[in-house]
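Read through the structure below, which is laid out as structure tokens, and then see the notes.
As the structure is a prediction and not an experimental result, all values here were calculated from the model.
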Amino acid sequence: MATRRDVLKTGAALSLAATPLATALAAGAPTLALARFVFDVRFAESGAMAEQVKRLGVALSPVADDLMTLWYDELDLAWREKPMALAGVTLEDAFFVLETFALDRGMHVVYRGEHGLVENGRIKHRVAGPAPLVERLSPLPAAWEGALANALTECPLGSPPTARAELETDGAALSLRDAPLYSWIIAPRAAVTSRVEA
Amino acid sequence: MAILPPGVSAESFASAIREFQDAVGRDWVFTSDDDLYSYRDHFSYIKDQPNELIPSAAVGPDTTEQVQAVVRTANKYKIPLYAISTGKNFAYGGPSPNVRGSVTVDLKRMNRILVCDDKRHFALVEPGVSYIDLYRHIQQNKLNVWVDTPDPGWGSLIGNAMDHGIGYTMGFYRDHFGAHTGMEVVLPNGEVMRTGMGAMPASQSWQEYRHGYGPDPCGLFGQGNFGIVTKMGFRLMPAPEHWRNGLVTVPKREDLIPLIEAVNYLCDLSMCGEPWYGSPLMGLMGNTEFRDAAMSFNESAMDRLAASAKLHSWQVELQFYGSERTTLANWEYAKEIVARKVPGARFTDGESLKTPLTREQIASTTGPYPTNMRRNITQGVPGLGIWYMTGRTENNPNAWNETHIGLFSLIGRSGEAVLKAQKDFADVARKLEMPSLFPNALQTPVNWYQFAFLMGNGFGLGRGDNSPAGKLAATAKLREVLRENAALGYGDYRAPPILQDDVADQYSFNDFVLRRFTEQLKDAIDPNGIISPGRAGIWPAPFRSMRGGMRS
């Protein structure tokens, strides 16, 4: 069974071997391999992102109002063996639960984005994470879901500097009331060392 | 952001860290900001403030012997420890200590299920065992017992019981501390003590007779700071074969009094599980005339408007465990008892299901009548869905709650007490200028603990103001609420560290003799005050000057 400290030790080794930042997202540079993409089935935006991520070959984990099935049937068992990387688009309560579990198992949040705050027909996106990933999102196209899905599948490994950005896109209101959606990447501390906080 | 324990030099702390590493292994002593991030209370009202309650380090022992070694080192260097089981006690401080700079003793690695007996109906576990873990163990081994889970179910059995947590099945099992069957504790001097029959080396009944012989000190360890519990037993409910529910409604406001009398009778005969009280009249709060009546406690107007809307005033959902026949008999008897006391009562049969329920049955929200019951917890199945409450809801339109505190006052288990508490809480809200739809004349109690009611202090505290000043103002307001409640006779049962002194202050009978008594004990057995100083307002002599420090 992997332990938290095992993860930390592996992390040190990986950090030394990590790709230099400037070329992190260059063609062929290694990126974080996602084991799952968790998405909330209740929202059109998360569904659209899931479709794109699936096309890129990542397994989908649909969730709705209780993560227990996903946790009990999949993640708890898998994470007992070893940490894994996953990304998702959910409401914040689900994100909080997964982040808290992840911290217990040698993982942490390396990218987080808030998508909401619709004003005058425009959607605000607050994103924070590895600088190359954030740079890649600027500017976001109107069809932001696809661009974000692509970026989430190409998170650089190692210890990239982090950056934050506030972006806007044209668009109608988000599909459920005006509740923000949250996009995120949870990674083994061994794989990406730069944690981002809210 | 490296910090030191209070009064400990950098050199001493470095020496202590080395000794902690010797005790538990270098891999299990954490001092970096990154490592300590998970030991913060992310819902704290003082997060990122200079007085945020964060640890200086964390240690992760794997055995009772390692806990002993950690305690001895802490004594040597006079370093306060704060033990957590899984640290999931959010709303009550999560993993954060009472004293900034404490060393967190993280017991998550001690996650062994030592015994789970489905013939004698008990389990003996270590602190790192969560409700989900024990549920999985029961399922995998096809054991014929249920776990009474809190909601969410990701926390530790021991941690939850130690904070007087509760569940949702039959009354005896819902009181998680009350359902314990003895414990093993590392005392402040590093010795290991076992309680009850565990004090007898050759005993075969540790988990079956918790009293042993002579005084039982177990109560000192619940919400206390007299040791670190490393093993604890719990009674488990035998898995019933059948579950049934039903709805009781009563038309008038004053009918709540005989309704509660009837339900108390049934509960105390162990005939039904947790009753879920409610009122459909919340749906009328959008009607100005009704809202004015509810906020001014105009009872005759409320009854009149409820009748014209063809709504009942109160309801209680009852649930029964047993066989198909016994649950039916209990439900029929419940109808008889309630009808005798409340002539206008009506009854709606709920569902009648063979257990264990399927996942589809547990997730189902349809039924003969609308229900707020979260079915998984009535079936001993842990869940995580309750976290939706911290997000955006109708009562919290502004966004994710950055802060999150649970405050529930104990009130008497009678209709008279509920109706009085509604008015009292509303008066407090008005006096403290906290206008909101809560509290109001429709607030109903929860019967988590069988023999008393708890009622939430659901005040409008300016939600959405997440500025540091806004959070401080909200905390100050909560302190005023606690003082006002105490003056009216309402004490809280649980609190996060930043409010524990304030709740302890509520219990002031005879010049705080209870606190003076526990602090005398504390000073006698923990002269260096190293075990969780300040927990539940119990401050050992070396740290006593910190009492009330979170108020400034």
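- Atom CG of residue Leu384(B) and atom CZ of residue Phe101(A) lie 5.0 Å apart, to the nearest 0.5 angstrom.
- Nearest heavy-atom pair, Trp71(A) versus Arg136(B), reported as atom, atom and distance to 0.1 Å: O-NH2, 4.3 Å.
- Below 4.5 Å, heavy atoms of chain B meet heavy atoms from Asp65(A), Asp66(A), Leu67(A), all part of residues 58-67 of chain A.
- Enclosure of atom CG in Asp48(B) by more than 12 non-hydrogen atoms of other residues, nucleotides or ligands within 6.0 angstrom is indicated.
- The closest side-chain heavy-atom distance from Phe96(A) to Phe43(B) is below 4.5 Å.
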* Is there a side-chain contact (heavy atoms from CB on, under 4.5 Å) between Tyr37(B) and Glu197(A) once you walk through the steps? -> CA-CA 10 Å; Tyr37(B) 178 74; Glu197(A) 298 180 24; 3.3 Å; yes

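- Under a 4.0 Å N-O distance rule, the pair Arg195(A)/Asp33(B) does not qualify as a salt bridge.
- Of the atoms belonging to Phe90(B), it is side-chain heavy atoms, and not backbone ones, that fall under 4.5 Å from chain A.
- Asp104(A) CG to Trp154(B) CH2: the interatomic distance, rounded to the nearest 0.5 Å, is 8.5 Å.
- The CG atom of Asp76(A) sits 6.5 Å away from the CG atom of Asp133(B) when rounded to the nearest 0.5 Å.
- Neither the backbone nor the side chain of Arg109(B) comes within less than 4.5 Å of any heavy atom in chain A.
- Contact check for His42(B) versus Thr100(A): no side-chain heavy atoms found under the 4.5 Å cut-off.
- At a 4.5 Å heavy-atom cutoff, Pro152(B) makes no contact with chain A through either its backbone or its side chain.
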* To do: Test Ile362(B) against Met68(A) for side-chain contact (heavy atoms from CB on, under 4.5 Å), laying out the working first.
  => CA-CA 12 Å; Ile362(B) 286 174; Met68(A) 184 60 183; over 6 Å; no

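- By the 4.5 Å heavy-atom criterion applied to side chains, Arg189(A) and Asp35(B) are counted as neighbours.
- Rounded to the nearest 0.5 Å, atoms CZ (Arg105(A)) and NZ (Lys108(B)) are 10.0 Å apart.
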